[in-house]
Structure formats: C-alpha cells, structure tokens
Asks: 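What follows is a single structure, and I will ask about it in a moment.
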Amino acid sequence: MRKFKRKKLNRGAVVNENGSVTTDADCGRKQKLAIIHQALIRDPVDIEILRNSSASKGGLLTDEMRRKVWPKLLNINVYNLPHKPGRDVRENHKDYNQVVLDVRRSMKRFPKGMPAAERAVLQEQLIDIILEVLKRNPQLHYYQGYHDVAVTLLLVVGERMAIAMLDTLSNFHLRDFMDPTMDSTKHILNYLMPILQQVDEELHDFMIRAEVGTIFALSWLITWYGHVLSEFKHTLRLYDFFLASHPLMPIYLAATIVLHRAKEVKQTECDMAMVHHLLSHIPQDLPYEVLISQAQALFSQYPPPLLAKQAALQSRKSLSISTFQAFQLSTLHQRPDVVLQRLTRAQDSTTSRHGLEAALSRDRSQLWQRGNRMVKMAVWGLSATLGAAVFAVAQTAMDWGPDVFLQLF
Amino acid sequence: FHQFPLKHISLLYFFSENDSLELFSSLENDNKQARTFKIIVIGDSNVGKTCLTYRFCGGSFLKNPEATIGVDFRERTVQLDGERIKLQIWDTAGQERFRKSMVEHYYRSVHAVLFVYDMTSLLSFESIPEWISECSRHSVGPLVPQVLVGNKCDLRESCQVPTSAAQSLADSHNIPLFETSAKDPSEKEHIDAIFLTLAYRLKSNKTLRLKQPSESSLREMRDQQEQDATSCRC
C-alpha cells in the first residue's frame, strides 16, 4: 500500500511535467474548448493536443466536440464516409441472429427519455452498422459486448460515422477481441494481475489465493465499460480517454479500479465467488478523473513491454498492441476538416488512388461523369481520331493514377 | 440423482407443504458454517438464464435484461431442515465463444448444473445435448446433479418444443425436466422448487466437499451413491 501512495505522488508530477496541454485540466471549460478548436484547424491537425485533451480532466466536454475530435483520433475523413448499409447487409450473415438478440435487448444503453419509436429506429441502425463492419472485415468475429461499443458510437456520431469509426476500432483497438476464439482476449486480461502485483503485492496475493481470476473485468475490457456503467456521460468520458490511448489502457484502468477498492477487497472473504461478486459490480460513483490519471501514471510507470516480461504474457502476440504504433503514426498527417472538405469536393477522384481494384474501376467511370471540367473540355476539343489515341493513353495513365492522367493535359 | 422420482408437479407441493423455508436475501451476514453449493446455469443465448437466476435470488422478474458478458454471480441462502445452505448461482454468457474459453474456469468445482432452453426456440432446445456433452468434457462428473429447464412456458402460442420431446431428452440423460416461466409471477414458487431440488440433493449428499472434490472423494461418493440407490427409495 505504501508503494501505491508513492505512486500517487509521482503521478502528480507526471501530470505537471506534461506541460501546457495537460494543465488545461485546471483552466476553464471554455479555454479547453478553444484549445481543442485551435488544434482542429491547424494543418496538419495537432493530434497530440487532441489526444491530451481527450485524456485530461473532463475529456472532450461536449458531444459536439466529440463529433469533431473522435474521427481525428482514428484518422477518419469525415467527408469520405461509408454509405448507409442497404437491406442486403442483413442477408446471409452467420452472426445475424446473435446481433439481433443482443441489440434488441440493449434498451438500457439508450437515453431514458428517448421515445420508443426513436429508439427502435436507432436499434435497427445499430444492427446494420455492426453487420456492415463485419461484412467488410470477414476476418473479424462478433462478440457479445461489441454492440455496447457500437451503440456508444452511434449515439454520438450517427450511423455513417459510426461505421467508419467501428471499422477502424475493430481493426486496431478491439482487434484482439474479434478473433475466432477468445484466447487473445484472455491474453489481454492477463495483463491485469501483473499491474496489481507491481503496485500492491498484498492485494495481488489475496486475489491469487481467492482464485478469482480476471473474468470480472471481461465486460469492462471488451465493451470499454459501456456495458457496466449506468450513466452514459461516464461512458463517454472513458471513450474520450480510450480513443486517445493505447489499446491496453482499459486494462490499466481496470487495475486502478481494483486498487481503488483494495481495502474492500481485502476485507472480503477470500473466496472466488465473493471477490468476483464484489469486483464485478462497479460502484457508480467512482472518481473517474482521478482513476484516469492514475491509469496514465501506471501506464508510463509499468508500460506493457515491462509487464510482458512476465511468463504468462510472453507466449502470445497481440495484434492490437503490435499494430498500435503504425496506427498512431497514421494519425499524424491529417488535414483539418475545412481543407478536407475542399479537397473532397474538388477531387473525388483521389480516393480511387487509395481504393481497391473494385473501387478503382467504379471511380474511373465517375471521373468521366463528374470529373474535372477542364479535363472534359480538353477531351471534347480533340478530333475523333486524336481523341481515340488520347483515350487509350489516358486509360493507361489511369492505371498509374489520376495525377498522371491530369498532367497529360 | 437420476433415480430422483419426483416429477415437477409433485415437487412444487413437496417443497411448499413439507418444508418451512426461511429465505434470506443474498449476501447477508451469513453464518460462516453455512454450507455453500455452487450451481452453474448454462444454455443458448436469450433463453432466460439471467431472468431465472434473478427470479430465484432477487424474487422479482428482471425487466429489460441485457446480454450477459462473461459470467455473473448471484447468491441466495436458504434454510433446509434447519440447516443454512448458501446457493451460489453462476449465470453464464450464451454465446459460444465465451463458453469455449472463458466459462471453463467456472465449471471447476461446480456442485450442480442447470441446463436452460427456451420453449419458444427449437434451436435452443436442439443445443441442449451439446451443452450436456460439453459439461462432461469439463470434468463435471455424472454424480453432479443436473436439471433441464424449459423457460418461457407463459408464451404458449409460440411454443416450439413439445413437452414430450423435452421429456424424452431428459429421460435419455436421466435428468429431471421442469417447464417454467421466469416472467409469470405464479411460477415463482416453481422456480424456487427447481433450485431447491438441487439444494436438497446436494445437502443430503453428505460426502460432497465444499471445495473441489478430489478423485478419491469422488470415488467415495460414487460408492455412497450406489449404496443409496439400493437402500433408499426416496
């Protein structure tokens, strides 16, 4: 316990060392919103400030701000969102029944005052977005609890953005939970006890003696606490934090919650059922801000590689962890929304360069229909023979990319 | 246990007439000497495992239950023939991926098993044999008392599982069958009876250890069981 107290002191220092960005926890709400706004319009977007603001006191503060910042945290272009899923998304999907069962039972996730009809519409959308993401990623497998993540996104950012965000999250942060089996999920849960051991050995030993395991934290981890918190605002606060953090952060937060309740745990009968029962019910009045900064402090003090040296964590590779660095790098060069909007309007065609083969051929025809006016005029101006020749060249150039194509004229 | 001769109707009377049950809400200051029995509740998604255990432990019907993620735990202490018995009920997630790698931890040292299917879903009933065999794969021995429960009997119009089919499945595995409804208030006592059937069986099995039974104690139990079968007609 003494060890942990020392840690608390360290944390204070860490927060202060982080400089101007994290100290905005102390400054007013308005000031914080202004800082976030500035970060959003910088070119490239200042992702560091956005991440720090998401984690620091109060998180992103408003849903309006979340709609702007969440996509940036996941490197999503808001002007190039997936289309609404059609009816066919529900056809022939192995997880269809399970998704419907879980979504229809998820009434508690919707705001209490919401009219039933409105909720019903959102529930149908929820089924669609889950199935859409699963269809786009055949390697991913649905798990009960995935719907709790999806609903949180849907309620804040709406259907199309929720698809884009869920798609990215599923391929990165939630990737380990979506294997055919839950072995990788178990592996992530295995990080919990080593963190506890570092901070409070007595508590750790007590829990080992009780054989409580870590399943009490399973729903916390795989739903990012969306399943266990009754106040939606708390869930949102944690989503701000997790979207801006390492995929293992939910486990570090789980550790701080257990540590926060260390006294209670140690006073309980040392028995699997008793300890599981106590821990699996999260008190609704947790000091989230304190726990979040403690989780950050634990993360920097005992980073995942340090914990992974423990025997139980060596055997397995986590996709979420191994791809995280590349994912973070990918978020560094985002253009602000104003620029993105202009770019998207001006050159729809650029998307085809990054797209798949199928998208390429589709966009190619679109280019002819609504492409650059100058291109069209130039083509029309040519004689029929020349035109045919140019067309042939242009077709080849298209394979190299629209930029080359445009340079031809 | 499989020789247990009482069918569900008579059980209801058996418990409500012959025994004065003093029921305690969960997690009171329990007498340390109360024996504890661990019951695991398994079955497909959405069959009503959570509602059944909630009805038994909390007394009321759980409105708008959500999917169970991982394992939930509920508890109720009952008094049977003057002895306090603590029943720990482990309510599990129905989705296959959970039971494959998560739930196994909870099969360990389990004292009794409750298989649940939804009477309005033939699929959930057809999964029961798989649940039963999975149970035995997790080294839940044949001596561990088991019951089969068909839930949602209040939805008579949409019933897809005829009692005769359920009964023959139950008979083929030598486990008693109950058809009930966690929702219907008049079935409340019946649900108590189901769990108390298990409690009675566990209580009378004196050789059952509180912690995980060792191989030798299992053997001992088996011998005892055989003796019971010949000498006792319950």
Side-chain angles (χ1 to χ4, degrees), chain A residues 94-95 97-110 112 119 141-148 151 177-187 189 211-223 225-228 230 268-269 271-281, chain B residues 26-27 29-32 34 36-40 44-51 57 62-76 86-111 118 121 123-124 127 210-212:
Chain A
K94 65 176 168 59
D95 292 316
N97 284 329
Q98 187 71 59
V99 173
V100 170
L101 283 178
D102 294 341
V103 169
R104 298 258 154 89
R105 288 186 285 175
S106 67
M107 262 94 89
K108 276 186 206 147
R109 299 287 144 246
F110 295 86
K112 283 196 184 78
R119 191 189 63 216
H141 299 262
Y142 175 77
Y143 61 86
Q144 289 189 301
Y146 187 66
H147 67 295
D148 288 305
V151 75
F177 316 143
M178 307 195 73
D179 270 353
T181 71
M182 296 196 86
D183 293 343
S184 299
T185 309
K186 258 205 288 202
H187 169 74
L189 279 171
E211 295 184 0
V212 63
T214 48
I215 306 289
F216 66 85
L218 173 68
S219 62
W220 307 356
L221 174 70
I222 65 179
T223 70
Y225 299 78
H227 188 76
V228 287
S230 50
T268 309
E269 194 184 328
D271 165 76
M272 172 171 111
M274 292 301 116
V275 182
H276 177 99
H277 182 75
L278 176 76
L279 285 174
S280 60
H281 293 90
Chain B
S26 60
L27 294 176
N29 286 332
D30 291 324
N31 182 349
K32 281 278 185 300
T36 302
F37 295 115
K38 197 170 140 182
I39 302 173
I40 191 167
D44 275 6
S45 204
N46 202 45
V47 296
K49 299 179 289 296
T50 301
C51 287
C57 296
L62 182 65
K63 275 187 191 162
N64 304 335
E66 287 188 279
T68 302
I69 293 171
V71 182
D72 270 352
F73 167 81
R74 285 178 197 88
E75 186 181 69
R76 178 167 156 187
K86 208 197 279 184
L87 297 179
Q88 288 182 348
I89 322 273
W90 294 88
D91 173 24
T92 63
Q95 197 191 6
E96 194 178 356
R97 56 192 291 113
F98 286 94
R99 70 190 208 229
K100 286 264 158 69
S101 49
M102 292 291 169
V103 174
E104 58 192 8
H105 185 68
Y106 298 89
Y107 275 108
R108 287 189 336 184
S109 68
V110 79
H111 295 109
D118 172 356
S121 156
L123 270 178
S124 74
S127 302
L210 294 187
K211 288 284 175 184
Q212 190 168 17

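Order of the sequence lines fixes the chain letters, A, B, ..., with proteins taken first and strands second; residue numbering starts at 1 for each chain.
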Asks: For B:I69 and A:G145, which heavy atoms make the closest approach, and how far apart are they?
Replies: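 Smallest interatomic distance, heavy atoms only, reads CD1-CA, 3.4 Å.
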
Asks: Between B:Q88 and A:H277, does a side chain to side chain contact (heavy atoms under 4.5 Å, CB included) hold up when you go through it step by step?
Replies: CA-CA 10 Å; B:Q88 288 182 348; A:H277 182 75; over 6 Å; no

Asks: Examine whether an atom of A:L101 lies under 4.5 Å from a heavy atom of chain B, and if so say whether it belongs to the side chain, the backbone or both; otherwise answer neither.
Replies: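 Looking at A:L101, just its side chain touches chain B.
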
Asks: Heavy-atom pairs under 4.5 Å with chain B are the metric here; pick the option from A:R109, A:H141, A:H147, A:M182 that has the most.
Replies: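 Between A:R109, A:H141, A:H147, A:M182, the count favours A:M182.
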
Asks: State, to 0.1 Å, how close A:L218 and B:G70 come at their nearest heavy-atom pair, and which atoms those are.
Replies: CD2-CA, 3.5 Å

Asks: What's the separation between atom CH2 in B:W90 and atom CD1 in A:I215, rounded to the nearest 0.5 Å?
Replies: 10.0 Å

Asks: Could you check B:T50 against A:R105 for side-chain hydrogen bond (donor to acceptor under 3.5 Å, both in side chains), going step by step and ending with a plain yes or no?
Replies: CA-CA 12 Å; B:T50 301; A:R105 288 186 285 175; over 6 Å; no

Asks: Within a strict 4.5 Å, meaning less than it, do heavy atoms of the B:E66 and A:D148 side chains meet?
Replies: yes

Asks: Does B:A67 offer a backbone N or O that forms a donor-acceptor pair with the side chain of A:H227 under 3.5 Å?
Replies: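 Side chain of A:H227 to backbone of B:A67, a donor-acceptor pair under 3.5 Å: yes, one is there.
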
Asks: Counting C-beta onward and ignoring hydrogens, is there a side-chain heavy-atom pair between A:M274 and B:E75 closer than 4.5 Å?
Replies: yes

Asks: Atom OG in B:S45, atom CG in A:D102: separation rounded to 0.5 Å?
Replies: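 Here the rounded value is 5.5 Å.
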
Asks: If you draw a 6.0 Å radius around NZ in A:K94, do more than 12 non-hydrogen atoms from other residues or ligands fall strictly inside?
Replies: yes

Asks: Counting only heavy atoms closer than 4.5 Å, note whether A:Y146 contacts chain B via side chain, backbone, both or neither.
Replies: neither

Asks: What pair of heavy atoms forms the shortest contact from B:Y106 to A:V212, and how long is it?
Replies: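 Minimum heavy-atom separation between B:Y106 and A:V212: OH-O, 4.3 Å.
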
Asks: Taking side chain as everything from C-beta outward and backbone as N, CA, C, O, which of these in B:Q95 sits under 4.5 Å from a heavy atom of chain A? Side chain, backbone, both or neither.
Replies: both

Asks: Which heavy atom of B:R97 sits nearest to which heavy atom of A:Y142, and what is that distance?
Replies: CD-O, 3.3 Å

Asks: List for me each residue that meets salt bridge (Lys or Arg N to Asp or Glu O under 4.0 Å) alongside B:D44, sequence neighbours excluded, and say none if there are none.
Replies: none

Asks: B:T36 versus A:D271: any side-chain heavy-atom pair under 4.5 Å?
Replies: no

Asks: Quick one: list whatever passes side chain to side chain contact (heavy atoms under 4.5 Å, CB included) with B:D72, sequence neighbours left out.
Replies: B:T68, B:R74, B:D91

Asks: Please give me the minimum heavy-atom distance between B:N64 and A:M107, naming the atom from each residue.
Replies: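 Result for this residue pair: OD1-CE, 3.2 Å.
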
Asks: Would you say A:H281 and B:F73 make side-chain contact, with heavy atoms under 4.5 Å?
Replies: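 In short, these two side chains do not touch, never coming nearer than 4.5 Å.
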
Asks: Checking A:Q144 against chain B: side chain, backbone, both or neither under 4.5 Å from a heavy atom?
Replies: both

